[in-house]
Amino acid sequence: MRYISTRDNTIQYSAAQAIAQGLARDGGLLTPFYIPKLPGKALEDMRDMAYQQRAVYIMKQFLEEFSVRELTDFANAAYGPDKFDSPAVAPVRTVDSNTHCLELWHGPTCAFKDMALQMLPHLLTASLVKTEEEKTVCILVATSGDTGKGALEGFKNVPRTRILVFYPKDGVSEVQELQMVTQEGSNVGVSAVVGNFDDAQTGVKRLFSDAALRQELADKGYFFSSANSINWGRVLPQIVYYISAYCDLLRDEKIAPGQTVNVCVPTGNFGNILAAYYAREMGLPIDQLICASNRNNVLTGFLREGVYDRNRTFYNTMSPSMDILISSNLERLLLALTQDTAEVAHYMNQLSETGKYQVGDRVKEKLQRRFKGYFCDDQETQRVIRAMFEANGYLIDTHTAVAFSALEQYRQETGDDTPAIVASTASPFKFCSSVLAALGETSAASGLDALDQLTARTGQPAPAPLAGLRDKKVRFTQVVEKEHMVDAVRSLLE
Ligand SMILES: *Cc1c(COP(=O)(O)O)cnc(C)c1O
């Protein structure tokens, strides 16, 4: 299968090239030329498989150059019991008879980024071998919190890789920051950036396009790649868990074969919900995709009006991994809806020149048939956390709460009670102080003491990787202005 740039269909790569490069040379996103259909009885076949086997089955459809044997080794290493605290890997918890919560945070960093970032290093290092790349890959990551730690854990001590992570100094939770600055591994580097996530991401994009820096690093034997969700190797493993969740519901007889479901996803960069869209394109019976945003509701506006407008105030919210104004992966959806790389290039040009674009009526119609956008503020997020805990004894994090709010709004507005799968993207223990406040605790403890306080309040234990942070040493203390990120790269690669 060929992969093309979203902005130019004459730029074509193999899967291994696409994963090794991360981004097309024209700045577009490398995307499969077509989405393969699952064989007729695939869902039945996968019903009784383990998560790892389902992953191989699905990923193989997109990765012709990879053997089943290779993919099986990758899946077993990525999703093994030493990494995930649930044998189901991504278990589905039924909240009520037509609401099912897909828990994506049972991996080493307690957020859904692990689902892809435990797989990506395997795909990437194998891709480097397949493309005969001799240099060491230097992964640059801009993170709103969870990607950075996920990538650090995925790549730590992986031979022939270096990984540098930039996070916004005031845009991540205390636990998230501690997770990153205590990262172990001989090939890792972490730096804070003054500013918000978009500053960090723009800075990293600038590093990628800095020709002088690229040459300097090439002379030292490095080349840049990305672990951000623009890399196809990030999106692909995410398709798996939607199909897997459906198979679980079939297996447990909570839905009937062929029955339609809706999927609701708390969204930032649009990677996670895009994977659900691709699962649907492959043949998973999904009707509506409900896109949940926090107060940074640029996507809600886009889905309702067909106008993407990033010229708006940026808010720091209690769901920081969704504090994003440029949803990079939306570009791939635009390609799927237009089937026209020139049209996508046109929108992306407008976005970079004016911060805004408007899609045509045909695209808008297609968009609105499939996607529904809702958002909520922090107060509503807290209300949902509390209501969910009181009604069901189920503790959810701030991002997941935004999704449940969106689902509630959708159901109220439409009366549609189709079974819904809600993506739960982080452990509530990653966002202790917000969750504690939601539960009515007025004086939340700081730092890791908040983990104990949340356990005392709810009777639920903190996940081991978070409780274990207590014994870790801080290794990284650097803070840079965004103009000086290039110096940080040099010093971290020394
Ligand atoms: C990254 C992240 C999101 C947003 O996912 P996207 O793929 O960027 O849309 C939501 N919740 C959590 C906890 C995250 O870490």
Side-chain angles (χ1 to χ4, degrees), residues 29 101-117 120 141-154 165 167-168 171-173 175-176 179-180 197-198 200-201 226-232 234-239 241-242 263-278 289-294 296-300 302-303 317-333 371 373 375-376 381 385 396-406 422-432 434-435 463 466:
L29 275 53
C101 194
L102 170 58
E103 294 184 348
L104 300 172
W105 40 263
H106 289 274
T109 78
C110 309
F112 95 94
K113 303 296 193 293
D114 288 330
M115 301 304 303
L117 283 166
L120 179 68
V141 181
T143 183
S144 54
D146 295 325
T147 303
K149 179 61 181 179
L152 288 162
E153 274 300 313
V165 169
Y167 69 92
V172 302
S173 80
V175 170
Q176 286 178 315
Q179 280 186 299
M180 287 187 277
F197 171 67
D198 282 321
Q201 188 170 50
S226 165
N228 276 103
S229 59
I230 49 178
N231 190 312
W232 179 249
R234 280 281 303 275
V235 178
L236 177 56
Q238 299 185 163
I239 299 174
Y241 47 72
Y242 291 108
V263 171
C264 179
V265 185
T267 306
N269 231 340
F270 210 79
N272 201 0
I273 194 167
L274 178 76
Y277 177 83
Y278 286 145
L289 293 157
I290 300 162
C291 176
S293 302
N294 62 27
N296 295 295
N297 55 3
V298 60
L299 285 166
T300 316
F302 177 65
L303 296 174
T317 73
M318 61 172 60
S319 43
S321 301
M322 296 153 71
D323 289 345
I324 288 175
L325 293 181
I326 301 185
S327 300
S328 309
N329 262 303
L330 192 58
E331 189 170 340
R332 287 193 166 109
L333 180 67
F371 289 87
F375 73 97
C376 76
T381 305
I385 291 172
I396 54 175
D397 93 295
T398 48
H399 304 77
T400 307
V402 171
F404 274 104
S405 170
V422 178
S424 175
T425 51
S427 159
F429 283 86
K430 277 197 99 160
F431 302 95
C432 281
S434 303
V435 173
L466 300 182

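Just so you know, ligand 1 is whichever comes first in the structure, and atom 1 is the first atom listed for that ligand. In this text the structure is predicted, and so the values were computed from the model without any measurement.
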Legend entry - Pick from K113, H399, Q176: the one approaching atom 2 (C) of ligand 1 most closely through a non-hydrogen atom: K113

Inset, instruction - From the options T267, N269, L274, select the one whose nearest heavy atom is closest to atom 6 (P) of ligand 1. - result: N269

Legend entry - Any donor-acceptor N or O pair under 3.5 Å, side chains N269, N329: no

Legend entry - Exercise: do N231 and S226 side chains pair donor with acceptor under 3.5 Å: no

Inset, instruction - Report the part of F112 in contact with ligand 1, treating N, CA, C, O as backbone and CB onward as side chain, heavy atoms under 4.0 Å; options are side chain, backbone, both, neither. - result: side chain

Can you pull out the closest protein heavy atom to [atom]? Residue, atom name and distance to 0.1 Å, please.
{"atom": "atom 9 (O) of ligand 1", "answer": "G268 N, 2.7 Å"}
{"atom": "atom 7 (O) of ligand 1", "answer": "N272 N, 2.9 Å"}
{"atom": "atom 11 (N) of ligand 1", "answer": "T425 OG1, 2.8 Å"}

Legend entry - Side-chain donor or acceptor of R234 paired with backbone N/O of L120 under 3.5 Å: no

Legend entry - Whether T400 side chain and T425 backbone form a donor-acceptor pair below 3.5 Å: yes

Element-labelled atoms of ligand 1 that are located less than 4.0 Å from some non-hydrogen atom of [X]:
{"X": "D146", "value": "12 (C), 13 (C), 14 (C), 15 (O)"}
{"X": "P266", "value": "4 (C), 10 (C)"}
{"X": "G271", "value": "6 (P), 7 (O), 9 (O)"}

Inset, instruction - Determine the minimum heavy-atom distance between S293 and N296, stating which atoms define it. - result: CB-O, 4.2 Å

Legend entry - Flag side-chain contact, heavy atom, 4.5 Å: W232 against R332: yes

Inset, instruction - Find out whether C264 and V422 are in side-chain contact, i.e. whether some heavy atom of one side chain is under 4.5 Å from a heavy atom of the other. - result: yes

Legend entry - Heteroatom distance test (A426, ligand 1): nitrogen or oxygen, under 3.5 angstrom: no

Legend entry - Heavy atom of S229, distance to ligand 1 below 4.0 Å: no

Inset, instruction - Classify the ring geometry between F270 and F371 as parallel (under 30°), tilted (30 to 60°) or perpendicular (over 60°). - result: tilted

